[in-house]
Amino acid sequence: MRELHADHFESLEVQAHAARLGTWIFLCSELLLFAGLFTLLAASRAHDPRGFHEGMTHAARTLGSINTGVLLVSSTTAALGVQAMRENRPSRAFWLVLTTATLGLVFLAIKIAEYAEHIDEGILPGGHGAWFASHADAPLYWTLYYLMTGIHAIHVFVGMGLLVWTAVRVRARLIVHETSYKLDLVVLYWHLVDLIWIFLWPLLYLA
Amino acid sequence: MSYLTVDKTVRSWLLTTDHKRIGILYLGAVLTMMALGGLFAMLIRIEHLTPGPTIVSAYTYNRLFTLHGITMVWLFMIPSIPTTFGNFLLPVMIGAKEVAFPRLNLASFWIYVAGALVTLGAMLAGGVDTGWTFYTPYSASSPSAVVPTVIGIFIVGWSTIITGINFIVTVHTMRARGVTWMRMPLFVWAIYGTSIIQVLATPVLGMSLLLVGVDHYLQWGLFDPARGGDPVLYQHLFWFYSHPAVYIMILPAMGVISEVIPTFAHKNPYSYRAIVYSTLGIAFVGFLTWGHHMFVAGMSRFDAGAFGILSMMVAIFSAVKVFTWSLSFKQGAIVLKTPLLYAFLFLFLFIFGGMTGVAVATMSLDVHWHDTYFVVAHFHFIMVGGTLTGFLAGLHYWFPKMFGRMYDETIGVISVILVFVGFVGTFLPQFLLGNAGMPRRYYDYAPRFQPLHVASTIGALVLASGLVLTLYNFVRALRRGEHAPDNPWQSRSYEWLTASPPPKENFTKSPSFSLDPYAYDQPLENAHA
Ligand SMILES: [Cu+2]
């Protein structure tokens, strides 16, 4: 039988443990990256509460909320995919993971529509654009809005890529029941992307 | 057959996933960076031989100190010990065949090279004159290549994070039989603590620098008061990384010292646990001290007091280490060899630098010394006096392990003396300059400062000659040094219980360690893998 683990690991369990631990540490690193941004957001908001209030009343609340729903559903399908892999049903897992990636695409499409709408209104980051001529409020909210949702969108994009790649590998039997942990790791990353949005949504659209 | 001879093609080196070869590749890279950074430093010192213009214009001078700072901090000191000795030795020291993720390890090396090339290329072709700290709002408007430089540093950051993750996972999952947590060589603990800082602090820096790039390129004004942004906020984000970065530089050096002292004192450390816990203590408290860089940037008296006290806590953990190391010599059989001399140098410079650190952590004193040469001298004592001497100690100590050759002891001793005299000669005058009011980063200075500036430049020349001599010693050893025995220092530490240089798989059979790595009360024959 083909060896399922790399030569320098004692066993597949050790290899899976190492991969899991490595992923968790990477997620901590990602979390610190966003922690810096959330700090920036909190400080800027304390600095300019009025501008933030006005910005948020103008934000695309409906589209943002729909996107929250999309990501929550995608996390569910991702989790079901993991479950399917553990039950050794790879083709079901394949479709579920692909659905997750498609929902990511829907999220990005909505996001782009949202950006297009704001750009049409003349709202650009850094207080650039015609909108700010008639609205005296500080541009900081909008700069941070573009910055944080933009960086989050990059993470969604990367996550989608990973999901598609993993789905293909499941289909090609490169990830099998015994090595299903590889799917777990990608889904773990997807959950983090989802989780970060769960904090961005109220902080940028609702409060 | 050793890891060096197993396959000699260039391709096998450039695409290797052997952690030892990656360590050697990194060694070549960081030594190049050190030479470049040193060259820039020499140019700065020569410029200061006279007040006013000496060899370069004011703009070039500003670019030079930025080049020096960025090259030394991000391209030399941060990667120096972890990527070279860490890569080479960490798996051997825990009896593993490899690091947990060998291909990622190779990727981290090439990412580092790419990032270094982008950073250096941007600074040399375009030039950056902001200083290595990129303070806003100037960095957002400076007419220089800020954007590609911060992108380069961002790329290097990826390599740091990958290496950190790799080491943490390796320590957790790949220890051989007999290597329990409390029996790991102390160097492994030091690298472990460093890796935690690398993984948690680097993303904040990467983000902050990218934002500076965005501010510069697109005028988003995140840190620009004219657009409602806050420049001090940038300083907070920057120092949240850059203070812990000091421990990314110094903890690995402390790890080297913790190995060198037991080996050459032929005695176990006075307290293994004290060194381990103080390492973790420094790694933790290091995250809570960043505010001491902003005492004069507008900070409440309460915050300043809190940051001051937290900063001083680092001195407590450091003192625990210094006392433990010193006590380890008690009743030892001390062998005075080059690595141990460097360890003594480390202790001297580190105590000196550490005490001046406690002084500048006091707000009332810092107001006087802030942004003067006093601060410059202080952090060079810690960062060069600590990291560089630790690096050199390790290089001499592990040279036979890495290459199977012995360096020349006489040349080694002479180089230690030159480095010592040169270092103190360079930076002692800078303490005095700073105390007398010489501001840092100034192109020009009042004529009364000239004697001390000249003294500092002469010191730098002596230091440089010591380093060149060291390089000669190693090159000579590689070509015609005598062959090293497997364990030339009669150490009990695990990396010496295999051949020097080690075989590709580190140990010929899966090792199991029965003694702890500092069991000097046991005869050498009992220590085997
Ligand atoms: Cu600091």
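In what follows, chains carry the letters A, B, and so on, assigned in the order in which the sequence lines appear, proteins first and then strands, with residues in each chain numbered from 1. In what follows, every heavy atom counts, from backbone to side chain, and hydrogens, waters and symmetry copies are set aside.
- In this structure, A:F26 and A:Y189 have parallel ring planes: the angle between them is below the 30° cut-off, well short of the 60° mark.
- Residues satisfying the side-chain hydrogen bond (donor to acceptor under 3.5 Å, both in side chains) criterion with B:Y138, sequence neighbours excluded, are B:D129.
- By the 4.5 Å heavy-atom criterion applied to side chains, A:H155 and A:M160 are not counted as neighbours.
- With a threshold of 4.5 angstrom between heavy atoms, A:L37 approaches chain B through side-chain atoms but not through N, CA, C or O.
- Residue contact with chain B, scored on non-hydrogen atoms closer than 4.5 Å, is absent for A:L31.
- Comparing A:D48, A:L40, A:L124 by how many heavy-atom pairs each has under 4.5 Å with chain B, the most go to A:L40.
- Checking A:E13 against A:H5 by side-chain atom types alone, no donor-acceptor pair falls below 3.5 Å.
- With respect to B:K97 and A:D7, a salt bridge is recorded, a charged nitrogen being found less than 4.0 Å from a carboxylate O.
- A:H118 and A:Y145 have perpendicular rings, their planes meeting at more than 60° on a 0 to 90° scale where under 30° would count as parallel.
- Comparing B:D215, B:T170, B:D230, B:L222 by how many heavy-atom pairs each has under 4.5 Å with chain A, the most go to B:L222.
- Note that A:R171 lies in the cation-pi zone of A:F94, set by a 6.0 Å cut-off to the ring centre and a 45° limit from the axis.
- Contact of A:F34 with chain B is not made at all, since no heavy-atom distance falls under 4.5 Å.
- Ring geometry for A:H152 against A:W197 counts as tilted: the plane angle lies between 30° and 60°, on a 0 to 90° scale.
- Interface remark: B:L237 contributes side-chain atoms only to the contact with chain A (heavy atom separation under 4.5 Å).
- Within the 4.5 angstrom heavy-atom criterion, only side-chain atoms of B:F240, from C-beta onward, approach chain A.
- When A:S44, A:G127, A:G22, A:A6 are compared by the number of non-hydrogen pairs under 4.5 Å with chain B, A:G22 comes out ahead.
- The most heavy-atom pairs under 4.5 Å with chain A, out of B:S510, B:P102, B:P91, come from B:P102.
- Under the 30°/60° scheme for interplanar angles, the aromatic rings of B:Y112 and B:F109 are found to be tilted.
- Contacts of B:F167 with chain A are absent, with no heavy-atom separation under 4.5 Å from either backbone or side chain.
- Taking the ring centroids of A:H17 and B:H172, they lie at or beyond the 6.0 Å cut-off.
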Next item on the list: Could you check B:F513 against B:R175 for side-chain contact (heavy atoms from CB on, under 4.5 Å), going step by step and ending with a plain yes or no?
Entry: CA-CA 10 Å; B:F513 301 98; B:R175 280 171 290 126; over 6 Å; no
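- In this structure, A:Y146 and A:W142 have tilted ring planes: the angle between them lies in the 30° to 60° band.
- Ranking A:L147, A:T39, A:I151 against chain B, the residue ahead of the rest is A:L147, based on heavy-atom pairs under 4.5 Å.
- Between chain B and the residues A:V14, A:L144, A:L140, the largest count of heavy-atom pairs under 4.5 Å involves A:L140.
- Counting heavy-atom pairs under 4.5 Å between each of B:I196, B:T173, B:D224 and chain A puts B:T173 at the top.
- Chain A is approached within less than 4.5 Å, heavy atom to heavy atom, by B:P203, B:V204, B:M207, B:L211 from residues 202-214 of chain B, ordered by number.
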